[in-house]
**Q** 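Got a structure for you, written out below as structure tokens; questions coming shortly.
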Amino acid sequence: MPDALPRDFYARPTLTVARALLGTVLCHRRGGDVLRARIVEVEAYIGERDGACHARAGRTGRTAVMYGPPGHAYVYLVYGMHEMLNVVTETEGRPAAVLVRGAERLAGGALPGPGRLTRALGIDRALDAADLCGQRLWIEAGGLARGERIARSPRIGIDYAGAPWVDKPWRLFVEGSAGGSRAPRATGTRPRG
DNA sequence: TATTTGATTCTT
DNA sequence: AGAATCAAATAT
């Protein structure tokens with residue numbers, strides 16, 4: 001049984017961590033069971049200057065965990081109904097995180113989309129600030145299968161972010177995976193005025 | 001204190 | 001194209 005990824009894994013540049021997370025296994029202990037899913041889609045949110053990052057408004061009650069040490073969960077509610085799971089990266093004092101957007105159950109089913117993913121694994125705000133080097137929620141090493149390729153695109157649902165952030169290709173995913181979100185317009189198919 | 005807005009998903 | 005649904009940010 002693989003161990004949880006160490007804190008050093010998360011204490012790296014956010015895009016490096018985002019890429020390294022593809023193929024790893026997200027684990028959540030619920031009761032006597034451990035629910036697992038292989039991560040296949042992520043997005044990077046990097047610092048207060050990133051117009052799409054929640055830390056753009058500075059440190060608040062919600063974003064405090066992003067300012068803390070790496071290797072912790074940042075879980076919040078969006079649109080009044082969906083729990084989003086993020087992994088805090090870089091170093092204490094530098095707010096940045098990776099949003100986990102899509103995964104595949106090891107037992108076969110796809111979990112496309114960040115809201116469906118958290119719902120399927122029973123992840124909610126009770127896990128906000130949870131230590132990923134702890135016993136409740138963690139990530140195990142994994143990798144890409146032979147032939148699997150990483151693709152990238154602009155991030156989804158952040159049209160409010162101004163240039164240049166809205167166009168940063170900080171969404172990374174395993175090409176062709178069923179666990180990828182059915183996010184509209186994979187790459188620049190939508191003309192923007 | 002009131003209004004607006006989302007790191008989404010599902011139905012019409 | 002729009003509803004569902006609410007916490008946080010912004011405006012008043």
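First the proteins, then the strands, lettered A, B, ... as listed; each starts at 1.
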**Q** Ring stacking, A:Tyr160 with base of B:dG6, under 5.5 Å and under 30°?
**A** no
**Q** Against A:Tyr67, only a single residue in A:Glu48, A:Arg59, A:Arg94 fulfils side-chain hydrogen bond (donor to acceptor under 3.5 Å, both in side chains); can you say which?
**A** A:Glu48
**Q** Please state how far atom CG in A:Leu85 lies from atom C1' in B:dA7, giving the value in whole angstrom units.
**A** 12 Å
**Q** Can you tell me if CZ on A:Arg19 sees more than 12 non-hydrogen neighbours from other groups inside 6.0 Å?
**A** no
**Q** I'd like to know if A:Met81 and A:Leu85 are part of one continuous hydrophobic network [Ile/Leu/Val/Met/Phe/Trp/Tyr, side-chain heavy atoms within less than 4.5 Å].
**A** no
**Q** Please name the pair of heavy atoms, one in A:Ala44 and one in A:Thr14, separated by the smallest distance, quoted to 0.1 Å.
**A** CB-CG2, 3.8 Å
**Q** Go through the structure and list residues passing salt bridge (charged side-chain N to carboxylate O under 4.0 Å, His left out) with A:Glu83, not counting sequence neighbours.
**A** A:Arg125
**Q** Quickly work out the A:Arg101 CZ to B:dA7 P distance and round it to whole Å.
**A** 11 Å
**Q** Is A:Ile158 touching bases, backbone alone, or none of the nucleic acid, heavy atoms closer than 4.0 Å?
**A** sugar-phosphate
**Q** Give the other cluster members for A:Val25, using side-chain heavy-atom distances under 4.5 Å between Ile, Leu, Val, Met, Phe, Trp and Tyr residues; answer none if it is isolated.
**A** A:Leu106
**Q** What interatomic distance, in whole Å, is found between C1' of B:dT5 and the corresponding atom of C:dG2?
**A** 16 Å
**Q** So, is A:Arg119 near the phosphate of B:dT8, with a side-chain N or O under 4.0 Å from OP1 or OP2?
**A** no
**Q** Of the nucleotides B:dC10, B:dT8, B:dA7, which has the atom closest to the A:Ile156 side chain?
**A** B:dT8
**Q** Fill in the dot-bracket string of DNA chain C, one character per base: . for unpaired, | for a pair to another strand, ( ) or [ ] for pairs within the strand, taking Watson-Crick or G-U pairs under 3.5 Å.
**A** ||||.||||||.
**Q** Do nucleotides 3-10 of chain C as a string where each nucleotide becomes B, S or -: B if the base has a protein heavy atom under 4.0 Å, S if just the sugar-phosphate does, - if no protein is that close.
**A** -BBBSSS-
**Q** Do you know the tightest heavy-atom contact between A:Ala73 and A:Leu137?
**A** CB-CD2, 4.0 Å
**Q** Nearest whole Å is fine: how far is B:dA7 P from A:Asp159 CG?
**A** 11 Å
**Q** Using whole Å, report how far CZ of A:Arg155 lies from C1' of B:dA7.
**A** 9 Å
**Q** Once you round to the nearest 0.5 Å, how far does OG1 of A:Thr91 lie from CZ of A:Arg12?
**A** 14.0 Å
**Q** Among all residues two or more places apart in sequence or in another chain, which pass the salt bridge (charged side-chain N to carboxylate O under 4.0 Å, His left out) test with A:Glu92?
**A** none
**Q** For the P atoms, the ones on C:dA3 and on B:dT4, what distance do you get once it is rounded to whole angstrom?
**A** 15 Å
**Q** What does the list of N/O pairs under 3.5 Å between the protein and nucleotides 1-3 of chain B look like, with a distance for each?
**A**
none

**Q** Kindly indicate, with the supporting measurements, whether the criterion salt bridge (charged side-chain N to carboxylate O under 4.0 Å, His left out) is fulfilled by A:Asp128 and A:Arg62.
**A** CA-CA 9 Å; A:Asp128 186 39; A:Arg62 183 175 62 162; over 6 Å; no
**Q** Please confirm whether A:Arg101 makes a cation-pi placement over A:Phe173, using NZ or CZ under 6.0 Å from the six-membered ring centre and within 45° of the ring normal.
**A** no
